[in-house]
Amino acid sequence: MGDKIESKLLAKNAKVNTIPGFDGVVKDADEAVRIAREIGYPVMIKASAGGGGKGMRIAWDDEETRDGFRFSSQEAASSFGDDRLLIEKFIDNPRHIEVQVLGDKHGNALWLNERECSIQRRNQKVVEEAPSLFLDSETRRAMGEQAVALAKAVNYSSAGTVEFLVDSKKNFYFLEMNTRLQVEHPVTECITGLDLVQEMIRVAKGYPLRHKQADIPINGWAVECRVYAEDPYKSFGLPSIGRLSQYQEPIHLPGVRVDSGIQPGSDISIYYDPMISKLITYGSDRREALKRMEDALDNYVIRGVTHNIALLREVIINSRFVKGDINTKFLSDVYPDGFKGHQLTENERNQLLAIASSLFVASQLRAHHFQEDENSRVPIVKPQVADWELSVKLHDEVYTVVASNSGPTFSVEVDESKLNVTSTWNLASPLLSVNVDGTQRMIQCLSREAGGNMSIQFLGTVYKVHILTRLAAELNKFMLEKASEDTSSILRSPMPGVVVAVSVKPGDLVTEGQEICVIEAMKMQNSMTAGKTGKVKSVHCKAGDTVGEGDLLVELE
């Protein structure tokens, strides 16, 4: 069942709905084009031995089929040591819903409800939940029964997952079977109360299943977010590497579970999958599970690597997601120009400015605080500042802010509105709970520099704020700006990885969008293209080189 070509034939024989396509092995790019034309575009080219989104490409025309064949076979060979590919019809705008099955060695098999896994990027899941808002009990039972029929047809014994694509009319098609425990299994454990790993061990020992189909409940709702070491601002998540300098899981909150294999000081390298952890929240209904996820993401401390918490938090509060109006193209539909972080409302912007100003003043006051010493030879004159007039820059806009404090509460005037900000102002703590006019916010101050630059994680997104006193702001006008680099004539690596192939040499003429080289990072191959039409001046990499993020690859004249 781990072989996509074999499993599709078995599924057909077990009377399971399958996607129309070519069931054999595709020999070369020409045959791929011929088959794709027969099935009708768009088609999905995928590795027979594949999984985890590796070795998969969607093709809308002959040229994309040729490229897809080349990339998929290379990725499949590097990830699975098996470059066999199959081609099938690509179902546009589907949902990805899978059924958990559990079989024993005595011919028994159960389905343990479904998981909705439609939020994906590059065919890899990002957010999963159980149950699915979309299925009615009839469709759920039909999918469950087909999944069990398939498991019984191959005498399957253990926990496994049968994945389906479901279209808008609730037609479902067999996609593949994962003959293992899946990353997202905890959401099923939460709603059924079964410990799947324990059940797998019992089955392996030879015990019969302890439960009947009628015993399997749906209690409550569970959501899982995959927390990755990725930069979500680059095609929804290009891998990032580094060492975790600080790491704190939000397991002190109710209904939160974190499955991870790392600790402070762990390295995230280019050789493995970039997942940091799986964050799972459970509630009596979907609303409670999502609210708990929001709080858990705000309370999660990850420093040292770039992570995708901003994207996860935006997805779970998005109105389309909350309504359940989702499909596998959700991310590209909602963010057609790429993910840009949380877009602040005017009220949220004022809250952020008030919090940042209060943090700035709190750190200044701490710097002014001297240890009292009666025998001090130098009399200390304490600076008395009643109101702090500040110039705060956010997103290239400059705001005038006036802040004053009495104890832990700061009164801040921003944009003609007055806000009261209260906190313990423990500047050493990675998490800071702040109350702004009765609204509780959990923020993280990631960095504070003497020059007034501050990075604050607010509503999941990291904002860069530049704060100066009025005098410093006036003097700052005389500081020279650093000239920015012309990026159109140079190609830098957007991520750390290994150069697989270089397609150009000095003197070559290239057109905009032409492939210049291919970089493999964490088993995924990424094609780097020219930003403009021009002549290659120099090539700074060769196949087999290891490159870091920002390294110069190719220069154009």
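Note that the numbering runs from 1 along the sequence shown for the chain. Atoms considered below: every heavy atom in the structure, side chains included; atoms not considered: hydrogens, waters and symmetry mates.
Within the 4.5 Å cutoff, the side chain of Ile456 has no heavy atoms near those of the Leu446 side chain. In this structure, the side chains of Val256 and Val258 come closer than 4.5 Å at one or more pairs of heavy atoms. Counting heavy atoms from C-beta on, the side chains of Met454 and Tyr463 never come closer than 4.5 Å. Between Gln351 and Thr439 the shortest side-chain heavy-atom distance falls below 4.5 Å. When side chains are defined from C-beta on, Asn347 counts as touching Thr345, because their heavy atoms get closer than 4.5 Å. Leu365 is not listed as a side-chain neighbour of Trp425, based on a closest heavy-atom distance of 4.5 Å or more. Looking only at side-chain heavy atoms (C-beta outward), Thr461 and Gln457 stay at 4.5 Å or farther from each other. The side-chain heavy atoms of Leu181 and Met200, taken from C-beta on, include a pair separated by under 4.5 Å.
For Arg313 and Asp298, the salt-bridge test passes: some basic side-chain N is under 4.0 Å from an acidic carboxylate O. A salt bridge links Lys291 to Asp295: one of the charged nitrogens lies within less than 4.0 Å of a carboxylate oxygen. In this structure, Glu98 pairs ionically with Lys125, as a charged nitrogen and a carboxylate oxygen lie closer than 4.0 Å.
Of all non-hydrogen atoms in Gln444 and Asn299, the two that sit nearest each other are NE2-C, 4.5 Å. Shortest non-hydrogen contact noted between Ile316 and Cys225 is CG2-SG, 4.3 Å. Scanning both residues, Gln343 and Gly341, for their nearest heavy atoms gives NE2-O, 3.0 Å. Here the shortest heavy-atom pairing between Val183 and Lys278 reads O-NZ, 2.8 Å. Between Cys541 and Val499, the closest heavy-atom pair is CB-CG2, 4.1 Å. The two residues Arg320 and Phe330 make their nearest non-hydrogen contact at CB-CE1, 3.9 Å.
Between Tyr335 and Phe236, the ring planes lie tilted relative to each other; the angle falls in the 30° to 60° range.
Annotation: the span from Asn435 atom CG to Gln440 atom CD amounts to 4.5 Å, rounded to 0.5 Å. Taken to the nearest 0.5 Å, the NZ atom of Lys464 stands 13.5 Å off from the NZ atom of Lys393. One finds the OG atom of Ser118 at 6.0 Å from the CD1 atom of Ile97 (value rounded to the nearest 0.5 Å). The CD1 atom of Ile251 sits 9.0 Å away from atom OH of Tyr300, with the distance rounded to the nearest 0.5 Å. For the atom pair CG of Leu297 and CG of Asn308, the computed distance is 9.0 Å after rounding to the nearest 0.5 Å. One finds the CD atom of Glu224 at 4.5 Å from the CD atom of Glu128 (value rounded to the nearest 0.5 Å).
Counting only distance, with no hydrogens or angles, the side chain of Ser266 and the backbone of Gln263 share a donor-acceptor pair below 3.5 Å. Under the 3.5 Å distance criterion, the side-chain polar atoms of Arg286 are matched with a main-chain donor or acceptor of Val322. A donor-acceptor pair under 3.5 Å links the side-chain atoms of Glu288 to the main chain of Ser284, judged by distance alone. Checked by atom type and distance alone, the side chain of Asp273 pairs as donor or acceptor with a backbone atom of Met275 at under 3.5 Å. Judged by distance alone, with hydrogens and angles left aside, the side-chain atoms of Asp415 form no donor-acceptor pair with the main-chain N or O of Asn350 at under 3.5 Å. The backbone N or O of Gly550 lies less than 3.5 Å from a partner atom in the side chain of Arg492, making a donor-acceptor pair. Side chain of Arg122 to main chain of Gly237: a donor-acceptor pair is present (N/O by atom type, distance under 3.5 Å, no hydrogens or angles). Of the possible donor and acceptor atoms, one in the side chain of Ser358 sits under 3.5 Å from a partner among the backbone N and O of Ala354. A side-chain donor-acceptor contact under 3.5 Å links Asn327 to the backbone of Lys329. Arg448 places no side-chain N or O within donor-acceptor distance of the main-chain N or O of Leu359, the cut-off being under 3.5 Å.
Glu249 and Ser277 form no side-chain donor-acceptor contact under 3.5 Å, judged by distance and modelled atom types alone. A donor-acceptor pair shorter than 3.5 Å can be found between the side chains of Trp221 and Glu129. Defined by atom type and a distance below 3.5 Å, a donor-acceptor pair is missing between the side-chain atoms of Glu520 and Asn526. With hydrogens and angles left out, the side-chain atoms of His96 and Glu116 include no donor and acceptor closer than 3.5 Å.
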Expected list for residues 399-414: side-chain donor-acceptor pairs under 3.5 angstrom, two or more places apart:
| unit_1 | atom_1 | unit_2 | atom_2 | d |
| --- | --- | --- | --- | --- |
| Asn405 | ND2 | Gly407 | O | 3.4 |
| Thr409 | OG1 | Thr422 | OG1 | 3.0 |

In residues 187-195, what donor-acceptor pairs under 3.5 Å come from side-chain atoms, sequence neighbours left out?
| unit_1 | atom_1 | unit_2 | atom_2 | d |
| --- | --- | --- | --- | --- |
| Thr188 | OG1 | Arg115 | NH1 | 2.7 |
| Glu189 | OE1 | Arg257 | NH1 | 2.9 |
| Glu189 | OE1 | Arg257 | NH2 | 3.2 |
| Glu189 | OE2 | Leu196 | N | 2.9 |
| Thr192 | OG1 | Thr188 | O | 2.7 |
| Thr192 | OG1 | Leu194 | N | 3.3 |
| Asp195 | OD1 | Val197 | N | 3.2 |
| Asp195 | OD1 | Gln198 | N | 3.1 |

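With sequence neighbours excluded, the residues satisfying side-chain hydrogen bond (donor to acceptor under 3.5 Å, both in side chains) with Glu75 are Arg57.
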Dump the intermediate steps for side-chain contact (heavy atoms from CB on, under 4.5 Å) on Ser240 and Glu230, then the final yes or no.
-> CA-CA 5 Å; Ser240 116; Glu230 286 182 336; 5.8 Å; no

Might you work through the side-chain contact (heavy atoms from CB on, under 4.5 Å) test for Trp111 and Val162, ending with a clear yes or no?
-> CA-CA 10 Å; Trp111 49 275; Val162 180; over 6 Å; no

Going through the checks in order, is the side-chain contact (heavy atoms from CB on, under 4.5 Å) test met by His540 and Val554?
-> CA-CA 6 Å; His540 297 267; Val554 174; 5.9 Å; no

Determine, step by step, whether Met528 and Ser493 satisfy the side-chain contact (heavy atoms from CB on, under 4.5 Å) criterion, reporting the C-alpha distance in whole Å, the side-chain angles of both residues, the deciding distance to 0.1 Å, and the verdict.
-> CA-CA 8 Å; Met528 303 291 120; Ser493 177; 5.8 Å; no

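Because its NZ or CZ atom is both nearer than 6.0 Å to the ring centre of Tyr228 and within 45° of the ring axis, Arg121 counts as a cation-pi partner of that residue. A cation-pi arrangement, defined by a distance under 6.0 Å to the six-membered ring centre and an angle within 45 degrees of its axis, is present between Arg95 and Phe134.
Heavy atoms from other residues, nucleotides or ligands lying under 6.0 Å from NZ of Lys418 number 12 at most.
For the side chain to side chain donor-acceptor pair (under 3.5 Å) with Thr161, the qualifying choice from Arg180, His185, Gln182 is Gln182, the only one to do so.
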